[in-house]
2 protein chains.
Amino acid sequence: MSLRHALLGLLADSPQTGYDLTKRFDQTLSGYAWSAGHSQIYPELKRMMGDGLVGVVDEGARGSKTYGITDEGRAELRRWMFSPVGDTPPRNEFVLRLFMLSSLDLADTRVLTENMAAASEQEVAELRQAISDIEKHTPADAGPGYARFAAEFGLRYFQLQADWARWVLSELEKHRDQPDS
Amino acid sequence: MSLRHALLGLLADSPQTGYDLTKRFDQTLSGYAWSAGHSQIYPELKRMMGDGLVGVVDEGARGSKTYGITDEGRAELRRWMFSPVGDTPPRNEFVLRLFMLSSLDLADTRVLTENMAAASEQEVAELRQAISDIEKHTPADAGPGYARFAAEFGLRYFQLQADWARWVLSELEKHRDQPDS
DNA sequence: GTTCGACATGTCAACACCAACATGTCAAAG
DNA sequence: CTTTGACATGTTGGTGTTGACATGTCGAAC
């Protein structure tokens, strides 16, 4: 149940409303980490309150409730962080597609791989921009920048996709002149 | 609905039984692409037959049914391969955890990152072995090796995780001597 | 004063997924 | 002959996930 731990992690940073958390998922985690809509988040927050992992620390305008993490929540988060990875099976549609490349003919394979490379390079460019923004708005005396760490991972990941796709293209090229024998 | 397309892709290679497909998921795709148990696969095959994407091409011993992909199935697979990626949201627990690193204290962060690096390096070693096996059993005159492509992606991915974790450790080190000011 | 967009929370039906339960066949070894 | 392990297919209950529906507040612009 990773949704719960994702919420705990976000609340460990600072108390937030369900609305805030929904936006954070959309802007920060979505892309290469996790995603959740508000229809999943609100009920989960209630359940977590029932389990004593979070509490309502403030009620503002428009019926908003600000949730904060409890000591019990922090303990649970830490326990999860140190538990072995792999309890949730990996699902990656990009990788799945590349496993399926063999079902296409050579011409299609080239076009598709080219598309994948271009799309990944586009994402690399966007992330580079985002990282440059992060660094602009961070004072030089700040501690280790965790948002920067995560962004760096994303950058390297998209760069990997792009590099891999270009490598596949070059391998396909090698075999074009000598289709058999 | 990626399960359907994963099955189509496997069947595009050769006709297989539900049992075969279950094993293929386990051995080939599981790890960094997709996973599915037989309790998901058998009903899905039935549904796909209802939709005309696959058909039973043979019935063997022990009540086994061998499914084959139809022309309609091939068309659907091709359509999917060329549709934009990203219709299914990414879920990656490893990445989620690294987003949550900031919730730990510095000592914990170091230990955890060290763990991540070591685990990834272990997986790199295993995959290198697997790739070397693939190349040993592939005649030199074979066409482009798609299994090799996929394995290469896995290798690069785990190498990325390891490199990233080592990089984070070095960044943490930088800030140790100058915690503030 | 009303309209529009962001804020804010909720429910519900349908679908995806998984672990566990359930059943039976066939071949080989002992 | 019986046991064991691989082959082979199913169902079911519970949980996770999503998109659509539903409701209401507040501030600013027109």
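To find a chain, count down the sequence lines: A is the first, B the second, and so on, and within it residues start at 1. What you see is a predicted model; the values in this text were computed from it and never measured.
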- Near DNA chain D, which residues from residues 57-66 of chain B have a heavy atom under 4.0 Å away? B:Arg62, B:Gly63, B:Ser64, B:Lys65
- Query: side chain to side chain contact (heavy atoms under 4.5 Å, CB included) with B:Gln27: which residues, sequence neighbours excluded?
  - Reply: B:Lys23
- Query: Who are the side chain to side chain contact (heavy atoms under 4.5 Å, CB included) partners of B:Asp163, not counting sequence neighbours?
  - Reply: A:Arg156, B:Gln159
- Query: With respect to the side chain of B:His38, which nucleotide from C:dT11, D:dG10, C:dC18 is positioned closest?
  - Reply: D:dG10
- Identified stems (criterion: three or more consecutive Watson-Crick or G-U pairs, under 3.5 Å), DNA chain D: C:1-30 with D:1-30
- Within the structure shown, what part of the strands sits under 4.0 Å from A:Arg4 by heavy-atom distance: base, sugar-phosphate, or nothing? nothing
- Which residues pass the side-chain hydrogen bond (donor to acceptor under 3.5 Å, both in side chains) test with A:Arg62, sequence neighbours left out? none
- Would you say the side-chain atoms of A:Glu44 pair up with the backbone N or O of A:Leu3, donor to acceptor, closer than 3.5 Å? no
- Quick one: list whatever passes side-chain hydrogen bond (donor to acceptor under 3.5 Å, both in side chains) with A:Tyr157, sequence neighbours left out. A:Asn92, A:Gln161
Quick test: give all pairs of protein nitrogen or oxygen and nucleotides 1-4 of chain D nitrogen or oxygen below 3.5 Å, distance rounded to 0.1 Å.
none

- Ordered by number, residues from residues 11-25 of chain A within less than 4.0 Å of DNA chain D (heavy atoms) are none
- If you pin B:Tyr67 and A:Leu3 to their nearest nucleotides in DNA chain D, which one's is more 5'? B:Tyr67
- Item | Contacts of type side chain to side chain contact (heavy atoms under 4.5 Å, CB included), residue A:Gln122, not counting sequence neighbours | A:Glu126
- Task: Could you pull out all residues at least two apart from A:Glu76 that satisfy side-chain hydrogen bond (donor to acceptor under 3.5 Å, both in side chains)?
- Result: A:His5, A:Arg79
- Query: In whole Å, what is the span from the CE atom of B:Met1 to the P atom of D:dT18?
  - Reply: 15 Å
- Task: Determine yes or no for a side-chain-to-main-chain donor-acceptor pair under 3.5 angstrom, with A:Gln16 supplying the side chain and A:Leu10 the backbone.
- Result: yes
- Query: Quick one, which residues of residues 40-56 of chain B touch DNA chain C with a heavy atom under 4.0 Å?
  - Reply: B:Gln40
- Note on the structure: Hits for side chain to side chain contact (heavy atoms under 4.5 Å, CB included) against B:Lys46, two or more places apart or cross-chain, chain-then-number order -> none
- Query: Taking the side chain from B:Trp80 and the backbone from B:Ser2, do they hold a donor-acceptor pair closer than 3.5 Å?
  - Reply: no
- Message: Whether A:Glu114 and A:Arg166 form a salt bridge (side-chain N of Lys/Arg under 4.0 Å from carboxylate O of Asp/Glu) is what I want to check.
- Response: yes
- Item | Residue met sooner reading DNA chain D from 5', once A:Trp34 and B:Ser39 are mapped to nucleotides | B:Ser39
- Query: Under 3.5 Å, side chain of B:Arg97 to main-chain N/O of A:Met81, donor-acceptor pair present?
  - Reply: yes
- Task: On the 0 to 90° scale, with breaks at 30° and 60°, tag the A:Phe153-A:Tyr32 ring pair as parallel, tilted or perpendicular.
- Result: tilted
- Message: Are more than 12 heavy atoms, taken from residues, nucleotides or ligands other than B:Asp71, located less than 6.0 Å from that residue's CG atom?
- Response: no
- Pair A:Arg4 + A:Asp51, salt bridge at N-O below 4.0 Å: yes
